[in-house]
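What follows is a short report on a single structure.
Naming: A, B, ... by sequence-line order, numbering from 1 per chain.
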Amino acid sequence: MKSHLKTIATRTARALIFTSNPSILIDEFISLCHRRELSRAMEAMNSLQRHGIRADAVTYSELIKCCVAHRAIEQGRAVHKHICSNGHTPQTFLNNVLLNMYVKFNLLADARNLFDEMAERNVVSWTTMISAYSNNKFNGEALGLLVLMQREGVRPNMFTFSSVLRVCDGLETLRQLHSGIVKFGLDSDVFVRSALIDVYAKWGELDDGFCVFNEMVTGDLIVWNSIIGGFAQNGRGEEALDLFKVMRTAGFPANQASLTSVLRACTGLALLELGRQVHAHLLKLESDLILNNALLDMYCKCGSLEEASFVFEKMSERDVISWSTMIAGLAQNGQTTEALELFESMKSSGPTPNYITMVGVLFACSHAGLVDDGWYYFRSMKRLFDIDPGREHYGCMVDLLGRAGKLGEAIRFILKLQCEPDITIWRILLGACRVHRNVDLAIYVGKKILELEPGDEGTYILLSNIYANSQRWEDVVAVRKIMDGRGLKKEPGCSWIEFNKKVHAFMLGDKSHPQIDEIIMKMSLLMRRLMEVGYVPDTNFVLHDLEGEQKEDALQYHSEKLAIVFGLINIPKEKTIRIIKNLRICCDCHTFAKLFSMIENRHIVIRDPVRFHHFRNGVCSCGDYW
DNA sequence: AGCCATATAT
């Protein structure tokens, strides 16, 4: 019945267009615009034109919205022409609507032409033009217009600032914008506030962002998300999680963006248990691609590939980031074959790989010693996906060659590069020198790095380790002296482990943990059993000024060993012992963990700053190659 | 008008 009536109505409407009564014509025109019936509205507009009738600005603005909704560029231009026919000049309101239309169609040049020709420009006109530039990353233009508008005496509003903040090109500009915001009394607006927090966080001045947050009397979920996201992205996961709790207590229900930041914090702190709770929680929300990608990454970086694969398989939508995350995750966890297989299936049935996907693929090859495959993928990037290799890919290639012991080839590769080799490339090569104990090259490369960055403590430490490894104690002393002279200190080793919803942290030789006596007792028993199966403490990396037995003692209390024994005591036998480290694992602890996994029949995962070690049955997933 | 996800090296 309803549809029958509708048919009659439509027929009547169609007939009306061809009547010549102007007021009926215009009513029908308005109604078509409101109903977003574009093609018939256009017909109506043309017939109005034939009768020399004009509609009012509001009606035209409805028609323009209709064009935007249908993404009808040509019709939009026709409407513009119609409005301006017979020398008419649209009022500012209508010009703004037209301006907005060109911006929505991303026709920036047309928008700018109209903007320049407008007789009067109000704050909406300026803001529309500014946000068009800022959305298209024309940062200079956007910032320039903000200055011009003020010169012409137009006061920017909160819309203007929240658009322009996104293209802020540095801290200095940011501070200027911030003072402008205060000057115009816009600093209490939630939109401006969240944008300010976000930009401070992006420029690394999180504490200033936090001040903006703290000045807030009333805020909304997005302001909370901005500050929590800021902490999560700047490696300050604990604070992100604390604030999240405060937000929940304040009565704001978490949305997808909030949980994405929480997951990112979990990822940084390797809090697998908490991550799992977030997983359970997010299933109640509408599925969100970004959130799922963060979940996937969390499982990968917490070393639980089973759960990561499960999430990946179940995702209703997967984009290039999902695939890249999974490939890199498999690679970092030593599952090279799986990583490369997944890449092959991405090529045949997934999204087109991007720059970052290829970094993951090359990483997989370099860490598994697959030199030929690495070369193949490196060379195929341009041909298959039109990706120009960049510094990151060069870095992987140097790593690939260096790790495989082809140090000469690695140097030749570096020297042939189009770009000047940067400090990262030299660091990678230095790492290869350490693995292959090439002292001479290490010294050469180390000097290169210190030329570029004289205070680089990592390089001094690596050099001293390399000297120690070849028993060149005088050189070790010399390096240490330079370090002392420069006031450089080695960051103390720290490992942590999640148990009973708490994080237990261990520092080198730290005796403050409540269970430390039990741990030390268990450790000495363990050491005895390990020695029986052939464990020999490797004291090469211990400070040179200790005597033999003291060296072994220092080794015993390496933070990861303490954490392993803590896990042995507390974590149920069938569960994986998961440990996170702030420094890379040393050879001795690596051997210790391998033998431990064998004699105790336990699965241990240790995440260091760059990769994972899965120890099972006396073997490590890194293949002793790290 | 504002918030959330992927990569090399140390």
Side-chain angles (χ1 to χ4, degrees), chain A residues 124 127-128 130-131 134-135 156-166 186 189-199 201 219-230 232-233 254-265 267 282 288-298 300-301 319-329 331-332 353-364 366-367 390-400 402 422-432 434 449 453 456-462 491 582-584 608-611:
Chain A
V124 175
T127 302
T128 306
I130 288 175
S131 66
S134 83
N135 286 335
N157 63 15
M158 50 277 240
F159 293 81
T160 325
F161 277 111
S162 38
S163 289
V164 88
L165 275 171
R166 287 188 295 125
L186 300 167
D189 180 77
V190 281
F191 285 83
V192 173
R193 216 174 259 279
S194 61
L196 261 180
I197 294 171
D198 191 48
V199 182
D220 67 357
L221 179 64
I222 295 185
V223 183
W224 280 98
N225 285 349
S226 304
I227 191 68
I228 293 170
Q233 287 157 41
N255 70 359
Q256 285 88 345
S258 333
L259 294 184
T260 304
S261 294
V262 171
L263 281 174
R264 173 136 178 180
T267 306
L282 68 84
D288 179 276
L289 178 62
I290 297 180
L291 180 53
N292 280 328
N293 284 343
L295 181 68
L296 189 62
D297 190 43
M298 183 278 296
C300 287
K301 296 238 165 62
D319 65 357
V320 64
I321 294 185
S322 326
W323 287 81
S324 308
T325 305
M326 194 68 226
I327 290 169
Q332 285 160 341
N354 68 10
Y355 191 95
I356 293 176
T357 317
M358 295 313 298
V359 176
V361 170
L362 295 179
F363 174 90
S366 77
H367 283 252
R391 294 195 172 278
E392 291 82 355
H393 306 107
Y394 299 146
C396 289
M397 291 308 288
V398 172
D399 196 46
L400 176 79
D422 61 356
I423 190 159
T424 302
I425 300 250
W426 292 120
R427 278 202 186 114
I428 295 168
L429 192 58
L430 185 61
R434 180 187 70 88
I449 297 173
E453 199 160 327
D456 190 58
E457 54 190 85
T459 300
Y460 286 114
I461 290 163
L462 207 55
E491 191 185 347
N582 65 335
L583 302 176
R584 302 216 63 184
D608 71 20
V610 285
R611 65 165 304 153

(request) Tell me which nucleotide among dA5(B), dT8(B), dA7(B) gets nearest to the side chain of Ile428(A). (result) dT8(B)

(request) Would you indicate which nucleotide in dA5(B), dT6(B), dA9(B) comes nearest to any side-chain atom of Ile290(A)? (result) dA5(B)

(request) Check every atom of dG2(B), dC4(B), dT10(B) against the side chain of Asp288(A) and return the nucleotide holding the closest atom. (result) dC4(B)

(request) Answer yes or no: side-chain N or O of Asp220(A) and base N or O of dG2(B) forming a donor-acceptor pair under 3.5 Å. (result) yes

(request) Report the distance from atom CG of Asp422(A) to atom P of dT10(B), rounded to the nearest whole Å. (result) 14 Å

(message) Of the listed nucleotides (dT8(B), dG2(B), dT6(B)), which one gets closest to any side-chain atom of Asp297(A)?
(response) dT6(B)

(request) Just call it for Asp319(A): base, sugar-phosphate, or nothing, with non-hydrogen atoms closer than 4.0 Å on any strand. (result) base

(request) Check every atom of dA7(B), dC3(B), dG2(B) against the side chain of Ala328(A) and return the nucleotide holding the closest atom. (result) dA7(B)

(message) Expressed as a whole number of angstroms, how long is the span from Lys301(A):NZ to dA5(B):P?
(response) 11 Å

(message) From C-beta outward on Thr424(A), which listed nucleotide comes closest to its side chain: dG2(B), dT8(B), dA7(B)?
(response) dT8(B)

(request) With the side chain counted from C-beta on, respond yes when Leu583(A) and Asp608(A) share a heavy-atom pair under 4.5 Å apart, and no when they do not. (result) no

(message) Can you see if the side chain of Arg427(A) gets near the phosphate of dT8(B) - specifically, an N or O under 4.0 Å from OP1 or OP2?
(response) no

(request) Determine the contact category for Asn157(A): base if any of its heavy atoms lies under 4.0 Å from a base atom, sugar-phosphate if only primed atoms, P, OP1 or OP2 are that close, otherwise nothing. (result) nothing

(message) Looking only at the side chain of Ala257(A) (C-beta and beyond, no hydrogens), which of the listed nucleotides dA7(B), dC4(B), dA9(B) gets closest?
(response) dC4(B)

(request) Rounded to the nearest angstrom, tell me the gap between atom CD in Gln332(A) and atom P in dT10(B). (result) 13 Å

(message) Mind checking if Val398(A) touches a base, just sugar-phosphate, or nothing, with heavy atoms under 4.0 Å?
(response) nothing

(message) Could you check whether the side chain of Ser194(A) and the base of dG2(B) have a donor-acceptor pair of N or O atoms closer than 3.5 Å, going by distance alone?
(response) yes

(request) Could you tell me whether Arg427(A) and Asp456(A) have a side-chain N and a carboxylate O separated by less than 4.0 Å? (result) yes

(request) Between dT8(B), dG2(B), dT10(B), spot the one nearest the side chain of Phe191(A), thanks. (result) dG2(B)

